[in-house]
2 protein chains.
Amino acid sequence: MESRCENCIIRQFNSLRAMSKEELKKVSDTKTTKKVKKGEPIFQEGEKLNGVFCVRDGVSKLSKLSANGKDQIVKLATKGEVLGQRSVIAEECTNLSAIAVSDMEVCFIPKESINTTLQKNPNFTLEVLRHMAHDLKEADDVIVNMSQKTVKQRIAEAFLYLKNNFGEDDDGFLALTLSREDISNVVGTATESAIRIISEFKKKGLIHTSGKKVGIKNERKLVELVEGF
Amino acid sequence: MESRCENCIIRQFNSLRAMSKEELKKVSDTKTTKKVKKGEPIFQEGEKLNGVFCVRDGVSKLSKLSANGKDQIVKLATKGEVLGQRSVIAEECTNLSAIAVSDMEVCFIPKESINTTLQKNPNFTLEVLRHMAHDLKEADDVIVNMSQKTVKQRIAEAFLYLKNNFGEDDDGFLALTLSREDISNVVGTATESAIRIISEFKKKGLIHTSGKKVGIKNERKLVELVEGF
DNA sequence: TTAAAAATATGACATTTATCAGTTCTTGTT
DNA sequence: AACAAGAACTGATAAATGTCATATTTTTAA
């Protein structure tokens with residue numbers, strides 16, 4: 001059967017590729033595969049995770065509830081990414097919720113498999129470390145964007161990000177469709193403000209929309225906007 | 001002499017404690033100690049680092065220049081923290097500048113010592129990984145604060161953070177004194193806005209000031225403010 | 001298919017924050 | 001001690017963003 005980790009291509013994109021044949025076999029024997037419908041949670045902020053989730057298909061938003069009751073989306077995770085790693089490694093409850101933004105297929109890998117490999121396979125640990133170093137750098141960038149760019153710039157950037165990371169469909173719309181609320185939670189603004197700016201972008205010919213779908217029409221101008229004209 | 005890593009207490013607070021006796025000896029033989037005056041850089045954004053810096057004394061701000069020419073301070077690093085780890089591990093140029101906020105003493109450890117230990121000592125790698133996992137969580141929190149809290153709340157939180165992490169002096173002022181500009185760069189706002197809010201806090205009896213020094217007068221109210229009453 | 005619910009959109013207005021211009025206070029230097 | 005340079009501060013005003021109310025469209029489910 002093709003659902004053995006040893007044969008899974010997804011693995012090539014994450015730290016699991018540093019596992020040995022035997023380690024992978026063990027993982028494969030203990031893992032379980034699970035389908036998650038759009039809108040359903042994979043896990044919730046504050047939960048104690050018994051393992052990590054490897055995304056085989058679909059996209060998940062990683063978000064954190066703020067004191068004022070709004071969710072802040074910290075990251076969008078797609079095919080190949082491993083969710084819950086941070087909290088399993090730090091042996092803490094997770095600080096983020098993971099909710100499916102599209103229908104998903106994820107593999108659950110019990111933390112024991114991860115932990116014993118971390119203890120025994122320095123290459124694996126190093127690989128995980130490198131991934132986390134990368135995530136940390138991205139988080140730094142997000143901090144700077146959040147505090148130094150205007151909402152308009154952040155929304156423009158979000159669209160460019162969606163295009164670069166998830167591509168476009170045949171009709172030229174962004175392949176990943178987010179609700180206006182999700183967009184506002186990515187850039188950290190009020191939903192109405194996001195909607196207003198999206199309308200403005202449309203009027204100015206930077207994007208085109210159809211329902212909640214958004215397509216990029218003038219990428220150059222969007223880039224200029226992000227960089228401050 | 002007491003400047004050998006094996007005897008350095010600072011080490012207890014960071015991932016170096018997971019090194020073996022021999023590894024520490026090697027580190028100690030290759031490390032160099034350096035004094036950095038307040039305001040001087042340890043390294044600058046974009047530099048390629050040939051090693052990491054272990055903070056023995058003093059405080060450094062880690063910041064990133066934004067497109068609009070303002071610095072965003074991402075973290076304040078103090079005694080025991082290791083700077084430059086992320087970029088050495090990811091083998092990338094550093095994404096942050098490190099500038100001394102008070103007079104400092106740091107040890108430079110060449111990356112070779114770090115890398116060989118990462119290859120050979122899984123415990124060390126795991127320890128570094130745990131630290132980075134912690135940093136990542138903190139970064140997530142900062143993102144949420146930046147996007148969901150008002151400037152007023154962020155400044156209040158910054159003062160509480162400074163008290164909790166650096167303590168107070170004998171006269172009840174925060175032990176770490178930051179310029180108004182640095183404060184504004186921590187919370188991501190214009191210097192004038194930060195000053196205005198600090199004046200307001202003073203009028204309301206939440207803090208007291210003397211020159212650039214700030215002391216917390218009513219911690220409870222500050223906490224309430226951060227949490228949104 | 002249609003009614004109800006949810007999401008999107010828009011307007012009016014309040015609030016927050018940035019910007020610019022200028023003054024006063026500190027600090028370090030000679 | 002005097003002065004220059006840089007911080008800190010204040011006011012006036014503009015710009016950005018949030019909030020609330022309401023209309024319209026889209027989606028969902030009976």
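Computed from a predicted structure; not experimentally measured. Below, read A as the first sequence line, B as the second, and so on, with proteins coming before strands; counting in each chain starts at 1.
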Given B:Lys64, B:Lys61, B:Lys70, the one that forms side chain to side chain contact (heavy atoms under 4.5 Å, CB included) with B:Asn185: B:Lys70

Atom pair distance, as rounded to whole Å: [atom1] in [X] and [atom2] in [N]:
| X | N | atom1 | atom2 | answer |
| --- | --- | --- | --- | --- |
| A:Glu181 | C:dA6 | CD | C1' | 11 Å |
| B:Ile198 | C:dT17 | CD1 | P | 14 Å |
| A:Ile195 | D:dT24 | CD1 | P | 16 Å |
| B:Glu200 | D:dA8 | CD | C1' | 17 Å |
| A:Leu225 | D:dA16 | CG | C1' | 14 Å |
| B:Asn68 | C:dT19 | CG | P | 8 Å |
| B:Lys213 | C:dC25 | NZ | P | 19 Å |
| A:Asp182 | C:dA7 | CG | C1' | 12 Å |

On DNA chain D, does the nearest nucleotide to A:Arg154 precede the nearest nucleotide to B:Arg180 from the 5' side, or the other way round? Give the residue. B:Arg180

Using the six-membered ring wherever Trp is involved, compare the ring planes of A:His208 and A:Phe173 and label them parallel, tilted or perpendicular (cut-offs 30° and 60°). tilted

Please determine whether a side-chain nitrogen or oxygen atom of [X] lies at a distance below 4.0 Å from atom OP1 or OP2 of [N].
| X | N | result |
| --- | --- | --- |
| B:Ser193 | C:dA18 | yes |
| B:Lys212 | C:dT26 | no |
| B:Arg196 | C:dT17 | no |
| A:Thr189 | D:dG18 | yes |
| B:Ser199 | D:dT10 | yes |

Quick check on contacts: within residues 140-151 of chain A, what sits under 4.0 Å from DNA chain D by heavy-atom distance? A:Thr150, A:Val151

Where at least one partner belongs to residues 59-110 of chain B, residue pairs that pass ring-ring contact (aromatic ring centres under 6.0 Å, His included), sequence neighbours excluded: B:Phe53-B:Phe108

I'd like to know whether NZ of A:Lys137 has more than 12 heavy-atom contacts from other residues, nucleotides or ligands below 6.0 angstrom. yes

Counting neighbours of NZ on A:Lys221 that are heavy atoms of other residues, nucleotides or ligands and sit closer than 6.0 Å, is the number greater than 12? no

So what does A:Glu192 touch, heavy atoms closer than 4.0 Å: a base, only the sugar-phosphate, or nothing? base

